[in-house]
Protein chains: 2
Amino acid sequence: MKKTSNVDRLIEKTRGMAINFELKPGSRINETALSRELGASRTPLREALNRLVAEGFLTFQTGKGFFCRALDPKRIMDLYEARVAIEVEAIRLACTRATDAELTVFGAYLNATEPDYLNKMDVSDAVHGDEDFHLYIARLSHNDELLRMLENLNGRIRFVRSVNLKSIHDTERSLRAQTRLSAHRRILEALLTRDGDVAADIMRGHIERRWEEATEAVQKAYAQIYVPDEMQKEMT
Amino acid sequence: MKKTSNVDRLIEKTRGMAINFELKPGSRINETALSRELGASRTPLREALNRLVAEGFLTFQTGKGFFCRALDPKRIMDLYEARVAIEVEAIRLACTRATDAELTVFGAYLNATEPDYLNKMDVSDAVHGDEDFHLYIARLSHNDELLRMLENLNGRIRFVRSVNLKSIHDTERSLRAQTRLSAHRRILEALLTRDGDVAADIMRGHIERRWEEATEAVQKAYAQIYVPDEMQKEMT
DNA sequence: GCATTCAGGATTGTATACAGTTCTAAATTC
DNA sequence: GAATTTAGAACTGTATACAATCCTGAATGC
């Protein structure tokens with residue numbers, strides 16, 4: 001039984017709101033209002049907000065308060081590039097450090113999750129499944145810091161991935177799942193050869209191939225936010 | 001005039017205490033005692049502690065409180081590897097993105113700081129000087145996230161670098177300063193050729209060459225902490 | 001003697017009050 | 001009418017009180 005604190009709940013909730021643009025990018029967060037809405041007092045909420053600042057979801061200015069951070073295309077690109085930095089080095093390390101036993105288990109994991117991967121139509125599950133694969137490799141690097149950084153990056157990119165996946169049709173989606181799956185298999189093979197340079201190249205390509213998708217997704221997300229705004233203006 | 005909040009002050013202070021092992025690794029932090037010591041109440045202190053958790057200096061367990069994180073050799077290695085991940089990718093990006101004008105300014109910066117670099121005997125200044133060089137390159141990558149991550153890593157490694165520098169004699173120290181300076185010049189040259197792969201290799205080598213120094217420094221740091229402990233025991 | 005229970009103290013978790021600052025908008029001046 | 005000033009409302013920053021939880025060690029039973 002995992003003990004989850006109230007603050008953790010507030011973090012989840014607020015992160016969710018930031019991700020789903022219930023808090024608009026750049027807007028100031030009203031602590032009193034938000035605390036009331038989430039059913040807690042300001043003290044624990046502020047703790048939650050502080051941690052979200054550190055995670056990169058919010059910003060903070062003394063005397064002004066907390067602001068929802070904008071997720072513009074430039075930042076998305078930055079985040080994807082940061083992922084490349086982390087994951088390329090992680091797989092390089094994994095090539096020399098992962099034990100044969102670990103790679104065997106990793107292979108089994110890949111086989112076991114394959115059916116889920118292809119049939120899974122729930123977008124959130126699919127995104128988490130993909131994240132898990134990449135986190136697994138980070139873990140094989142035996143470097144806790146790289147893992148930590150990747151977890152953070154995932155948390156911030158997750159929304160973009162979701163928007164992207166949601167925006168495409170089922171047939172196209174299962175097609176892409178298949179493509180990605182075979183890419184994952186190639187990555188496993190590269191790991192097995194233990195050639196760090198080759199593995200690094202493959203990983204780099206795999207992540208970079210998702211950039212345009214991602215920035216495209218952001219455009220859509222922005223449309224989601226700002227169209228309602230325009231409508232508001234027209235109503236005034 | 002920069003407005004610096006009370007919480008910021010508490011962060012600085014507490015980080016300093018964690019870094020200098022005034023808070024022992026693994027030990028629980030007594031909020032009441034620490035808040036009294038730092039002249040503030042628990043509320044802002046807890047905000048500060050929360051941010052330090054996010055920075056990686058402390059850990060937190062629900063119901064238990066905040067703990068000073070251990071800085072063992074394994075973690076130092078992890079941090080240096082993470083630096084490699086970030087900085088290698090940063091310089092790769094800098095090779096394609098830095099404008100000629102930027103590189104000219106960078107060269108001028110290198111010339112301007114050279115005299116300081118060699119004459120500077122204050123350890124803290126020397127460490128910051130070296131950090132600045134690396135941050136500069138991260139900035140040339142035009143990627144805010146990589147910069148952010150490197151800043152964080154620097155903050156956590158800084159202490160190790162200081163211990164290391166302090167532990168060597170002046171003549172040896174100025175010798176190393178010279179070595180490092182020429183390494184920095186080579187990095188600039190690599191940037192000017194705009195060959196990402198070459199630049200990446202040079203950067204990797206430059207950072208990796210400091211690992212053993214670093215872990216050695218940690219050993220010394222640990223001696224610093226635990227010898228007094230032993231003495232305490234003997235006094236009991 | 002060893003494990004277990006339980007009370008008391010210590011410490012963390014949260015709410016709330018109030019002080020200090022910033023923002024807003026109406027009033028004033030040119 | 002535009003710019004400036006200035007209350008006052010709204011909000012953030014911090015202290016403190018109290019509730020909830022955890023930890024310690026002595027008492028109890030086996």
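By convention in this document, chain letters (A, B, ...) are assigned in the order of the sequence lines, proteins followed by strands, and residues within each chain are numbered from 1.
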Look for any protein N or O under 3.5 Å of an N or O in nucleotides 13-16 of chain C and output each such pair with its distance, or none.
from	atom 1	to	atom 2	distance (Å)
C:dG13	OP1	B:Gly63	N	3.0
C:dG13	OP2	B:Arg46	NH1	2.6
C:dG13	OP2	B:Arg46	NH2	2.7
C:dG13	N7	B:Arg42	NH2	3.0
C:dG13	O6	B:Arg42	NH1	3.1
C:dT14	OP1	A:Asn6	ND2	3.3
C:dA15	OP2	A:Ser41	N	2.6
C:dA15	OP2	A:Ser41	OG	2.8
C:dA15	N7	A:Thr43	OG1	3.0
C:dT16	O4	A:Thr43	OG1	3.1

When all nucleic acid strands are considered with a 4.0 Å heavy-atom cut-off, which category describes A:Ile29: base, sugar-phosphate, or nothing? sugar-phosphate
For A:Arg28, all residues meeting side chain to side chain donor-acceptor pair (under 3.5 Å), sequence neighbours excluded: none
Residues two or more places apart in sequence or in another chain: which of them pass side chain to side chain donor-acceptor pair (under 3.5 Å) with A:Arg161? none
Students should find that the end-to-end axis angle of the helix from C:dG1-D:dC30 to C:dC30-D:dG1, with five pairs defining each axis and rounding to 10 degrees, is 10°
So the salt bridge (Lys or Arg N to Asp or Glu O under 4.0 Å) pairs with at least one residue in residues 33-45 of chain B (sequence neighbours excluded) are B:Glu31-B:Arg42
Nearest-Å distance, CG (A:Leu34) to C1' (D:dA10)? 16 Å
Rounded to whole Å, CG of B:Leu45 lies from P of D:dG13 at a distance of 16 Å
Set of residues satisfying side chain to side chain donor-acceptor pair (under 3.5 Å) with respect to A:Arg69, sequence neighbours excluded: none
Ignoring hydrogens and angles, write down the donor-acceptor pairs under 3.5 Å from the side chains of residues 73-82 of chain B, residues two or more places apart or on other chains.
from	atom 1	to	atom 2	distance (Å)
B:Lys74	NZ	A:His142	O	3.0
B:Lys74	NZ	B:Asp78	OD1	3.1
B:Lys74	NZ	B:Asp78	OD2	2.8
B:Arg75	NE	B:Ala70	O	3.3
B:Arg75	NH1	A:Glu145	OE2	3.1
B:Asp78	OD2	A:Asp144	N	3.2
B:Glu81	OE1	A:Arg97	NH1	3.3
B:Glu81	OE1	A:Asn143	ND2	2.7
B:Glu81	OE2	A:Arg97	NH1	3.4
B:Glu81	OE2	A:Arg97	NH2	2.3

For A:Glu208, enumerate each residue passing the salt bridge (charged side-chain N to carboxylate O under 4.0 Å, His left out) test, keeping only those at least two apart in sequence or located in another chain. A:Arg204
side-chain contact (heavy atoms from CB on, under 4.5 Å) against A:His128, all qualifying residues, sequence neighbours excluded: A:Ser124, A:Glu131, A:Arg158
Do any of residues 49-57 of chain B sit with a heavy atom less than 4.0 Å from DNA chain C, and if so which? none
Side chain to side chain donor-acceptor pair (under 3.5 Å) partners of B:Arg92, counting only residues at least two apart: B:Asp197
With a 6.0 Å cut-off on ring centres, are A:Phe57 and A:Phe67 close enough? no
Sequence-distant partners of A:Glu12, salt bridge (charged side-chain N to carboxylate O under 4.0 Å, His left out), two or more places apart: A:Arg15
Separation of C:dT24 C1' from A:Asn30 CG (nearest whole Å): 15 Å
